[in-house]
There are 2 protein chains.
Amino acid sequence: MRLSTRGRYGVKAMFDLALNYSGEPVPLKSIAERQGLSEAYLEQLMAGLRKAGLVKSVRGAQGGYVLSTSPDKITVGEIIRSLEGSMAPVDCVIENEETDCEKAEYCVTRLVWERIRDSINQVVDSITLQDMIDDYKRLHQRNAEKDG
Amino acid sequence: MRLSTRGRYGVKAMFDLALNYSGEPVPLKSIAERQGLSEAYLEQLMAGLRKAGLVKSVRGAQGGYVLSTSPDKITVGEIIRSLEGSMAPVDCVIENEETDCEKAEYCVTRLVWERIRDSINQVVDSITLQDMIDDYKRLHQRNAEKDG
DNA sequence: AACAAAACCGAGTAATTTACTTGGTTTTAA
DNA sequence: TTAAAACCAAGTAAATTACTCGGTTTTGTT
């Protein structure tokens with residue numbers, strides 16, 4: 001049940017874009033450096049995020065990526081789903097998809113998978129990039145006080 | 001974020017054992033047949049469940065497997081974790097394991113992964129095999145009324 | 001005692017997925 | 001004109017998954 005690097009790096013990259021949300025496009029190279037990720041690989045992920053409408057890209061020199069809306073309107077759920085697909089723990093409970101399993105109506109395990117899926121969705125859809133920024137500020141303030 | 005067949009089949013097999021919980025050992029062959037699973041593969045899974053103390057095995061003719069306690073004392077969480085390991089979405093938030101990431105204290109994404117992990121655990125630990133039996137009975141009664 | 005049913009065990013393997021890299025092209029501000 | 005950047009398609013090594021195979025051991029039944 002691990003997330004792949006697509007989802008993990010995607011959230012990191014989007015969080016980075018959120019921290020640098022100013023209207024100016026942020027080049028991949030700087031995201032990759034700050035987050036310690038491969039630029040070429042990130043490129044693929046950004047393609048997915050762009051297709052999902054979560055970021056806009058600006059081509060050419062001084063170009064880069066910008067969040068398509070403010071950080072409080074983008075959720076972790078949208079990011080992960082756009083890069084990894086449904087968070088369903090098994091294929092037969094992927095949202096808006098017909099299952100080919102004719103026993104579905106009688107299937108008890110299916111009920112379990114649905115509950116897992118729903119609870120994951122509920123959590124990830126409730127966390128926005130703005131929430132992460134707020135957490136970030138709290139964490140750093142607290143640790144600065146403690147350490148300093 | 002899919003469960004592997006280990007977790008899926010494991011839950012099915014344990015549910016089958018719960019439905020057939022009578023004191024008599026249930027041979028793998030019959031579980032495999034009823035659930036449509038490979039017997040040889042199930043064998044591997046039962047080894048994991050046995051090591052976790054969730055089932056007892058009886059060797060020799062007329063042998064098989066029995067739940068180690070009553071269905072209301074065994075949760076889906078215990079089953080899945082014994083076959084797949086932690087439900088943590090990323091390695092750095094596996095329970096009772098030190099992370100080698102020195103940035104952990106300052107890490108915001110980590111907070112997200114912890115919340116996902118916790119919510120998954122909460123759901124799977126709240127569902128017992130007895131709950132599944134109850135659901136099963138309800139489902140079949142309802143469908144029998146509707147169809148018949 | 002012999003047989004057969006069953007659990008137990010270790011190793012092997014084909015297919016798939018993952019996590020990238022490579023080598024370009026196109027666009028555009030300076 | 002140049003260089004920085006996004007865009008794109010394809011390739012690939014390593015890991016994981018979902019099994020199978022070929023046994024050995026145990027034990028109730030006949």
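Sequence lines set the chain letters: A, B, ... in the order given, protein chains first and strands last, and positions in each chain run from 1.
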A.B. asks: Measure the distance from CD on B/Glu24 to P on D/dT27 and round it to the nearest whole Å.
C.D. replies: 17 Å
A.B. asks: Can you measure A/Leu28 atom CG to D/dC8 atom P for me and round it to whole angstrom units?
C.D. replies: 13 Å
A.B. asks: Could you state the interatomic distance from CG (A/Asp134) to OG1 (A/Thr128), rounded to the nearest 0.5 Å?
C.D. replies: 7.5 Å
A.B. asks: Taking atom P of D/dA5 as reference, at what distance in whole Å does atom CG of A/Leu42 sit?
C.D. replies: 14 Å
A.B. asks: Below 3.5 Å, can you tabulate the donor-acceptor pairs from side chains in residues 16-27 of chain B to any protein atom, sequence neighbours excluded?
C.D. replies:
unit_1  : atom_1 : unit_2  : atom_2 : d
B/Asp16 : OD1    : B/Asn20 : ND2    : 3.2
B/Asp16 : OD1    : B/Arg34 : NE     : 3.2
B/Asp16 : OD1    : B/Arg34 : NH2    : 2.6
B/Asp16 : OD2    : B/Arg34 : NE     : 2.8
B/Asp16 : OD2    : B/Gln35 : NE2    : 2.7
B/Asn20 : ND2    : B/Asp16 : O      : 2.7
B/Ser22 : OG     : B/Glu24 : N      : 3.4

A.B. asks: Send over the distance from B/Ile31 CD1 to C/dA7 P, rounded to a whole Å.
C.D. replies: 8 Å
A.B. asks: Looking at A/Gln122, I'd like to know if its CD atom is crowded, meaning that more than 12 non-hydrogen atoms belonging to other residues, nucleotides or ligands lie closer than 6.0 Å.
C.D. replies: no
A.B. asks: What string of B, S and - do you get for nucleotides 17-29 of chain C, 5' to 3', if B is base contact, S is sugar-phosphate-only contact and - is no contact with any protein heavy atom under 4.0 Å?
C.D. replies: --SBBB---BBBB
A.B. asks: Check DNA chain C against residues 46-57 of chain B and give the residues with a non-hydrogen atom under 4.0 Å, in numerical order.
C.D. replies: B/Arg50, B/Ser57
A.B. asks: Could you check whether A/Asp135 pairs with A/Arg138 (Lys NZ or Arg NE/NH1/NH2 to Asp/Glu carboxylate O, under 4.0 Å)?
C.D. replies: yes
A.B. asks: In Å and rounded to the nearest 0.5 Å, what is the CD1 to CG distance from B/Ile127 to A/Leu111?
C.D. replies: 8.5 Å
A.B. asks: Looking only at non-hydrogen atoms, find the nearest pair between B/Leu3 and A/Trp113 and report the distance.
C.D. replies: CD2-CZ3, 3.4 Å
A.B. asks: How close or far is atom P of D/dT17 from atom CE of A/Met1, stated in whole angstroms?
C.D. replies: 13 Å
A.B. asks: Going by an N to O cut-off under 4.0 Å, is there a salt bridge joining B/Arg81 and B/Asp125?
C.D. replies: yes
A.B. asks: Enter the distance from B/Cys92:SG to B/Arg117:CZ here, rounded to the nearest 0.5 Å.
C.D. replies: 9.5 Å
